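Values in this document were obtained by computation on a predicted structure and should not be read as measured data. Lettering of chains follows the sequences in order, A, B, ..., and the numbering in each one begins at 1.
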Amino acid sequence: DQQVKQNSPSLSVQEGRISILNCDYTNSMFDYFLWYKKYPAEGPTFLISISSIKDKNEDGRFTVFLNKSAKHLSLHIVPSQPGDSAVYFCAALYSGAGSYQLTFGKGTKLSVIP
Amino acid sequence: GAGVSQSPRYKVAKRGQDVALRCDPISGHVSLFWYQQALGQGPEFLTYFQNEAQLDKSGLPSDRFFAERPEGSVSTLKIQRTQQEDSAVYLCASSKGDFNSYEQYFGPGTRLTVT
């Protein structure tokens, strides 16, 4: 039973345009969400996070939106650059569990075309 | 500063051999996590340490898997009597352990191949 779902395995976007990566979750106890970017043969790199008390968090070209009622979050990258081509993972945690383990989706491979 | 480091980066083991994977977390990070990533999947939680205490080992798939962090810094994940289904990338992550900061920082991983 997947608690964090990224339903698009891949996405192609033209350089300079907006990339939108989506993520859905089923566990209503999750209260903190993170996005990671992963290049081949490297570990995931933290990008941006959002607490469930917010609905938006922005950092440079990256913005994460959270819709708690829909149990949905999205990552917007504007403008997209070729160096953004990577696999993006959505992750969630429940801070009250005492373990702080992250639950990941399967990832979306983003290709930014020059 | 230095990030999370892991060694070895690649390990080939014959079925039945024991392996030990090492993780050096970011200096001063209280929390340390191990994850297993199979091909085409997201990382899956194995175990969690706060300093030297192993507070959650619910993700360890069998009693062949054992992790330790005796002095609250370096950690070792040991897999005994390896089997083919253990082939995966093993990721270590560390975090500050602050109540308001849950970001985890990952190492490059160890790719284990069991033949």
Side-chain angles (χ1 to χ4, degrees), chain A residues 1-10 21 23-25 27 29-54 57 59 62 64 66 86-109, chain B residues 2-10 21 23-26 29-51 53-60 67 88-111:
Chain A
D1 177 31
Q2 254 197 305
Q3 299 187 68
V4 177
K5 299 178 185 179
Q6 294 178 257
N7 291 320
S8 298
S10 63
L21 297 105
C23 178
D24 297 291
Y25 61 96
N27 188 342
M29 299 299 289
F30 287 145
D31 57 1
Y32 203 80
F33 304 89
L34 307 92
W35 283 94
Y36 284 84
K37 170 181 176 179
K38 187 181 182 304
Y39 293 120
E42 295 184 12
T45 301
F46 169 72
L47 270 179
I48 191 168
S49 61
I50 187 166
S51 164
S52 60
I53 62 173
K54 297 184 176 181
N57 189 25
D59 184 1
F62 302 91
V64 57
L66 174 63
V87 177
Y88 288 77
F89 289 97
C90 170
L93 72 81
Y94 168 42
S95 63
S99 171
Y100 310 110
Q101 60 174 276
L102 295 176
T103 301
F104 283 85
K106 290 187 176 184
T108 297
K109 183 176 183 179
Chain B
V4 178
S5 61
Q6 293 185 246
S7 61
R9 290 294 312 277
Y10 303 91
L21 313 180
C23 172
D24 282 87
I26 293 172
H29 276 194
V30 167
S31 300
L32 185 145
F33 303 81
W34 284 97
Y35 292 84
Q36 180 190 59
Q37 186 174 20
L39 196 63
Q41 304 294 315
E44 291 195 359
F45 171 78
L46 293 176
T47 188
Y48 159 60
F49 289 86
Q50 185 173 350
N51 295 306
Q54 188 174 19
L55 298 185
D56 187 350
K57 53 182 180 179
S58 62
L60 296 176
V89 175
Y90 290 85
L91 293 163
C92 175
S94 70
S95 71
K96 292 180 183 178
D98 292 342
F99 286 116
N100 294 319
S101 173
Y102 303 110
E103 289 79 14
Q104 296 178 22
Y105 297 90
F106 284 80
T110 294
R111 179 176 294 278

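For the residue pair B:Glu103 / A:Tyr32, a side-chain donor-acceptor distance below 3.5 Å is found, with atom types taken as modelled.
For A:Leu34, the part sitting under 4.5 Å from any heavy atom of chain B is the side chain, from C-beta outward, and nothing else. When heavy atoms are compared at a cutoff of 4.5 Å, A:Lys38 approaches chain B solely by way of its side chain, counted from C-beta outward. In this structure, chain A has a heavy atom under 4.5 Å from the side chain of B:Arg9, while its backbone stays farther away. For chain A, the nearby part of B:Gln37 is the side chain; its heavy atoms alone come within less than 4.5 Å.
Chosen from A:Gln101, A:Glu42, A:Lys106, the residue pairing most often with chain B at heavy-atom distances under 4.5 Å is A:Gln101. Contact count versus chain B (heavy atoms, under 4.5 Å) is highest, among A:Gly43, A:Cys90, A:Ser99, for A:Ser99. Listed options A:Ser51, A:Gly107, A:Ala41, A:Pro9 were ranked by heavy-atom pairs under 4.5 angstrom with chain B; first place goes to A:Ala41.
The environment of CD in A:Gln3 is crowded: more than 12 heavy-atom neighbours from other residues, nucleotides or ligands sit within 6.0 Å.
In this structure, the side chains of A:Cys23 and A:Val4 come closer than 4.5 Å at one or more pairs of heavy atoms. Side-chain atoms of A:Tyr100 and B:Ser95, non-hydrogen and from C-beta on, never get closer than 4.5 Å to each other.
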**Request:** For side-chain contact (heavy atoms from CB on, under 4.5 Å), just list the numbers for B:Ser58 and B:Tyr48, CA-CA rounded to whole Å, side-chain angles, deciding distance to a tenth of an Å, and then say yes or no.
**Result:** CA-CA 9 Å; B:Ser58 62; B:Tyr48 159 60; over 6 Å; no
**Request:** Could you please spell out the steps behind the side-chain contact (heavy atoms from CB on, under 4.5 Å) verdict for A:Ser95 and B:Tyr102?
**Result:** CA-CA 8 Å; A:Ser95 63; B:Tyr102 303 110; 3.3 Å; yes
